[in-house]
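This report refers to the structure that appears directly beneath it.
Here is the naming used below: chain letters follow the sequence lines, and residue numbers restart at 1 for every chain. Only a predicted model underlies this, so the values are computations on that prediction, with no experimental measurement involved. Excluded from the calculations below are hydrogen atoms, water molecules and symmetry mates; all remaining heavy atoms, backbone and side chain alike, are included.
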Number of protein chains: 4
Amino acid sequence: MNITAFIGSSRANSNSEQLTDYVLKGIPHKKIDLKNVTIEPIHDLRHDDNGFQFVADDYDQIIQAFLTSDIVIFATPIYWYSMSGIMKNMVDRLSHAIRDERFPQLKEKLQTTEAIVLAVGGDDPHIKGLPLIHQFQYIFDFLKMPFSSYIIGNANKPGEIVNDEQALAQATILNKQLKARTL
Amino acid sequence: MNITAFIGSSRANSNSEQLTDYVLKGIPHKKIDLKNVTIEPIHDLRHDDNGFQFVADDYDQIIQAFLTSDIVIFATPIYWYSMSGIMKNMVDRLSHAIRDERFPQLKEKLQTTEAIVLAVGGDDPHIKGLPLIHQFQYIFDFLKMPFSSYIIGNANKPGEIVNDEQALAQATILNKQLKARTL
Amino acid sequence: MNITAFIGSSRANSNSEQLTDYVLKGIPHKKIDLKNVTIEPIHDLRHDDNGFQFVADDYDQIIQAFLTSDIVIFATPIYWYSMSGIMKNMVDRLSHAIRDERFPQLKEKLQTTEAIVLAVGGDDPHIKGLPLIHQFQYIFDFLKMPFSSYIIGNANKPGEIVNDEQALAQATILNKQLKARTL
Amino acid sequence: MNITAFIGSSRANSNSEQLTDYVLKGIPHKKIDLKNVTIEPIHDLRHDDNGFQFVADDYDQIIQAFLTSDIVIFATPIYWYSMSGIMKNMVDRLSHAIRDERFPQLKEKLQTTEAIVLAVGGDDPHIKGLPLIHQFQYIFDFLKMPFSSYIIGNANKPGEIVNDEQALAQATILNKQLKARTL
């Protein structure tokens, strides 16, 4: 079972990445640290005569991750009550990717790619992070990706996630479930 | 009364910009087209010993707009059920801006800067755009900015917004109200 | 075209009913004033050996309304950020009704019964009423009822709805659209 | 520390009540089973010349529970994506209770009464139950009640809650935290 985690934080060793590490402890996986790859914002050319144009950046890495993973994890800090801008640009570009002639199989592949969301914020995330969860649900519904679970973590300063007993317990259970499936 | 509209679309003459034009018809205002300014993603250094570092891009234009406007309009297409990535990066950078020693008055100024949201989408926006409205509410609550109103438009292809009778009626009423205040 | 409006307020001549009257002005329709009919709370016996038991109250009127209407309007005050308790009991009882052997055609009939929601509240209803709209969406999705539109009104004291210019404009447009369909 | 749990299910030994039992295991508490008390729907007379009128039902029990509890638990099945109608009627009547001259201290008392929500549903409750959580947040915000935590459980048939490993783990942690506070 192939697992890729997209890390959306702008910080090194962020709380959202640490939560991801709990979830994936002892499980082989790949990480893509979005702050270290170049992803241009979408230029919406859906309705242009020539359609979308090739963009010379690192987005093909993202597409390859979707094409080769059974599970993808969206790990994001909650910035201003939604995913980080760098993760948003990654998501926005899916509008292009699913129409990209170079990857005709992407759209169908996504329908069997399971999605997990890990979101960590410091301002009442169990309430104010809920619209973000709704948006991920709509995104996965549109793509017909199964949205298997999410964990919301409460943390602000670096490393604080270790104090969120509820989030760690949920991560431990999810880790166990994923391990059982990878054997 | 100074009004600035932030235009978040990646398209020229987008539906969200057209809706903005209806709202601001006959009213002096400034527009900042986010696709034409350079805004780096946030690098969250809140907890770093040296704090945030100067970023050499166009963000000072955004800050000046906030500092000099009585009303700011966030006009965004609904991309994947939330604001566009380029607008999200603009919002994310507020975390830096409100701590930027060069603009000590920004935080207080925002508390009297009225916010209006215009969001246009093509996939059931009156339902699937609601989490975005919630997020804007949380953003403005955090900044203590008065959130006076929003309009959701239903449009997909270029120019379709003219068919959304409800959105245009709301825009007309809002235009009339704004005009009454600018006299 | 048959239209039934369910009125969920506990007040006579409530703001939600007045908004309904704007929407239905000049259009033949039936009103069911929920405060004047007796509807017992649901007793969830789905998993009981004997299933649901007959309840001697006025609920058959509700079922007949669903069976004979092309459009049903849920007009509710926003009490504590959701529909009134008397309307909630009406909705809860649908769990029984769609399993009631006396009405085998109900479930299928609902799939072509269009739903409209009119919700009026006095505490920031355009933000705090949004979860209610989400819930109606989930309800109609479950029943496969088309959810064609909603209007949120801002009013508190009796009659205040007449001051909500935006809501009245939306009601006028909806009235015109409904009239065009009834000709 | 006084704890009261309001049980909103129409079933005996419901999943929401079982989840409550996990949370309160070994902790003294009181339970009010709403299906066994008589609570009339609200009659909104806020704006009537004579104001609210005395209602002869069991609601004083509810008020006494609020007046004497340090923590109140709202345990509800998710019926049609929100709280059950009998719990909604209980909540609606708070509009009267906080204005009831017989209980002048209620409004202030609530500001130190901590609220916990336990909600169990069978149709994707971790997504479709989120609007209900938002509504509880708005309710507690209005009353200035501290909303300390919530647990969403996934169960449908009687007893299924025991299979929801995540919900039980959260209940165990909450139980431990409550125990630590009652010593």
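Counting all heavy atoms, side chain and backbone alike, W80(A) lies closest to L94(B) at CZ2-CB, 3.8 Å. Here the closest heavy-atom approach between residue I42(A) and residue S10(B) is recorded as O-CB, 3.3 Å.
In E108(B), the CD atom is not crowded: 12 or fewer heavy atoms of neighbouring residues, nucleotides or ligands sit closer than 6.0 Å. Heavy atoms from other residues, nucleotides or ligands lying under 6.0 Å from NZ of K31(A) number more than 12. Summarising the local packing, CD of E101(B) is surrounded by 12 or fewer heavy atoms from other residues, nucleotides or ligands at distances under 6.0 Å. Within 6.0 Å of CZ on F142(A) lie no more than 12 heavy atoms contributed by other residues, nucleotides or ligands. By the 6.0 Å contact criterion, CD on Q53(A) is enclosed, its count of non-hydrogen atoms from other residues, nucleotides or ligands being greater than 12.
Contact of the N156(A) side chain with the R46(B) side chain is registered, since non-hydrogen atoms from C-beta on lie closer than 4.5 Å. Looking only at side-chain heavy atoms (C-beta outward), Q135(B) and Q135(A) come within less than 4.5 Å of each other.
Of all the listed residues (H43(B), K128(B), H134(B)), the one sharing the greatest number of non-hydrogen pairs under 4.5 Å with chain A is K128(B). By number of non-hydrogen pairs under 4.5 angstrom with chain A, the leading residue of P41(B), S9(B), S95(B) is S95(B).
Between Y81(B) and Y138(A), the ring planes are tilted. Angles from 30° to 60° get that label.
Residue M83(B) touches chain A through its backbone alone, counting heavy-atom pairs closer than 4.5 Å. For L143(B), the part lying near chain A is the side chain, with the backbone staying farther off; criterion is any non-hydrogen pair under 4.5 Å. Both the backbone and the side chain of L132(A) come within less than 4.5 Å of a heavy atom in chain B.
Not one N or O on the side chain of D44(B) forms a donor-acceptor pair closer than 3.5 Å with the backbone of R11(A). Checked by atom type and distance alone, the side chain of K88(A) never pairs as donor or acceptor with a backbone atom of I86(B) at under 3.5 Å.
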Quick one: do N89(A) and N89(B) satisfy side chain to side chain contact (heavy atoms under 4.5 Å, CB included)? Show the steps, please. CA-CA 9 Å; N89(A) 275 332; N89(B) 275 332; 3.2 Å; yes
